[in-house]
There are 2 protein chains.
Amino acid sequence: MAKIRIVLAEDQTMLLNALATILDLEDNLEVVKSCANGKQALDFVLTNPEQKIDIVLTDIEMPDMTGLELAHELHQQKSASKVIILTTFSRSGYLRRAMDSGVKGYLLKDSPSQDLIDAIVKVHQGGRAIAPELMVDSWMEKDPLSEKERHALRLAKDGMSTEDIAAKLFLSAGTVRNYLSSAANKLNAKNRVEAARIAHQNGWL
Amino acid sequence: MAKIRIVLAEDQTMLLNALATILDLEDNLEVVKSCANGKQALDFVLTNPEQKIDIVLTDIEMPDMTGLELAHELHQQKSASKVIILTTFSRSGYLRRAMDSGVKGYLLKDSPSQDLIDAIVKVHQGGRAIAPELMVDSWMEKDPLSEKERHALRLAKDGMSTEDIAAKLFLSAGTVRNYLSSAANKLNAKNRVEAARIAHQNGWL
DNA sequence: AATTCAATGTGACAAATGTCATTAATCGCC
DNA sequence: GGCGATTAATGACATTTGTCACATTGAATT
């Protein structure tokens, strides 16, 4: 029987190498390519359709292109390759966005490597594989923030002043304060810093 | 020739499993035990001296006991086992503390897995192995913060108000503001948030 | 006992932030 | 054209934060 053909995308080289090695040890799996970011993986899959990639296994937070963007693009292009997300973060916002992009599997780096192998097989056979931790709590509410609020919060998180944020977003300082205020209000935070923390934890930034 | 005997400490199970597998594939290496945090590794090494562990390979940020604490303890107890740190973060503060605890190797998870294997052998032979990225920039200045400043900053980072921080540290609000102000001043930050970010990036929190 | 020193606290003021009501401009839509 | 919805801006005011000069306290040193 043909092996399951896999592309990896993961920016931690150590983990990328290690995963490639252990997956290749399985005799029903074959790692066709290892990529350091989503862009590389997307290019490879789209420009080499003859490679018939079954599974794209990807981290989320990576430079250049995140795993969520990768999944979104593949979905748009109606690629036959199925995406499995492998990430550190159990953030409900991430899971939701992944689901919206037709992702078939979502695992945490906390789980044992055997789970990953099981998930790959399961997804290849047409199933789904979602880490149980995620089903439990965090399917809940969806991102309440507007685009502007999100952008302002992202900058505020690093300690930028209202003025600086306003300059960067081409808005007036007052408007920025309004956005940050309403964001904090939506998130039940006492100030912009707490708001940024909450949004970040939920994968909304 | 006897294999190099290794204990692993890493809280990401996926990476822990994967590392154990690829290191065991090398015929001069042997992974004796895999631990999910520093405490487990410390216990194992100290209570089983007959195991003659050559290398303790550990992550830094882990629950229960960090890799830096583990290294410190082993150093205190004059253990013969040599410690290699494997971490995501190239923070000068971490490297400095590691060195102070007699650590022999400090690698980044960004490097290829072969580097790790090389480093293990090199350290076992009595050498050192420090990721080149670290030698370059960040050996520089040392932590300028006082204990109080550090504590206050740590709380401010999550968005706590001056009042709340004061309550938690059993100080007056004014004192807390003084500490945060002087911390921001030392770090050339414009406010507490930026100060916290800088301190965090340098491994001083 | 007098002196030094560090840690903590206070008060006063400036600057930044949070909150809210209101207005203006723009766009889609009937 | 008129209507509601969205987006941006403004002004006013309260609260929080940043800065600094200056007590107060207590422990350590002389």
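Labels below follow one simple rule: chain letters A, B, ... track the order of the sequence lines, proteins then strands, and each chain is numbered from 1.
- Remark: the B:R5 side chain and the B:Q51 side chain contain an N/O donor-acceptor pair separated by less than 3.5 Å.
- Ionic pairing of A:K186 and A:E149 is present here: one or more N-O contacts between side-chain nitrogen and carboxylate oxygen are shorter than 4.0 angstrom.
- A salt bridge links A:E61 with A:R91: the distance from a Lys NZ or Arg NE/NH1/NH2 to an Asp or Glu carboxylate oxygen falls below 4.0 Å.
- In this structure, A:S181 reaches the C:dT19 phosphate: one of its side-chain N or O atoms is under 4.0 Å from OP1 or OP2.
- Among the atoms of the strands shown, none is found under 4.0 Å from any heavy atom of A:S146.
- Spacing between atom CG of B:L145 and atom P of C:dA7 amounts to 14 Å, rounded to whole angstrom units.
- Atom CD of A:E163 and atom C1' of C:dT17 are 12 Å apart (whole Å).
- At a threshold of 4.0 Å, the pair A:D54-A:K3 does not count as salt-bridged, since none of the basic side-chain nitrogens sits closer than that to a carboxylate oxygen.
- Annotation: cation-pi pair A:R97/A:Y94 absent, no NZ/CZ under 6.0 Å from the ring centroid and within 45° of its normal.
- Taking atom CG of residue B:L180 and atom C1' of nucleotide C:dA16, one finds them 15 Å apart after rounding to whole Å.
- For the pair B:K148 and C:dA7, the criterion of a side-chain N or O lying under 4.0 Å from OP1 or OP2 is not met.
- Remark: P of D:dT6 and CD of A:E147 are 15 Å apart, rounded to the nearest angstrom.
- Proximity of A:T162 to the phosphate of C:dT17: a side-chain N or O atom is located under 4.0 Å from OP1 or OP2.
- Heavy atoms of other residues, nucleotides or ligands lying less than 6.0 angstrom from CD of A:Q201 number more than 12.
- Contact annotation for B:L171: backbone-only contact, meaning every heavy-atom pair under 4.0 Å involves sugar-phosphate atoms and none involves a base.
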Every protein N/O lying under 3.5 Å from an N/O of nucleotides 10-12 of chain D:
{"residue": "D:dT10", "atom": "O4", "partner": "A:N178", "partner atom": "ND2", "Å": "2.9"}

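- Ion pairing of B:K39 with B:D43 is present here, as a side-chain N (NZ or NE/NH1/NH2) and a carboxylate O approach within less than 4.0 Å.
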Dot-bracket encoding of pairs in DNA chain D, which uses [ ] for pseudoknotted crossings and | for another strand, Watson-Crick or G-U under 3.5 angstrom = ||||||||||||||||||||||||||||||
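- The nearest whole Å value for the distance from the CE atom in B:M160 to the P atom in D:dT17 is 11 Å.
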Going through the checks in order, is the side-chain hydrogen bond (donor to acceptor under 3.5 Å, both in side chains) test met by A:E147 and A:Y179?
-> CA-CA 10 Å; A:E147 272 310 297; A:Y179 283 143; over 6 Å; no
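- Atom C1' of nucleotide C:dT8 and atom CD of B:E149 are separated by 13 Å, given to the nearest angstrom.
- Between A:M99 and A:L95, the closest side-chain pair of non-hydrogen atoms falls below 4.5 Å.
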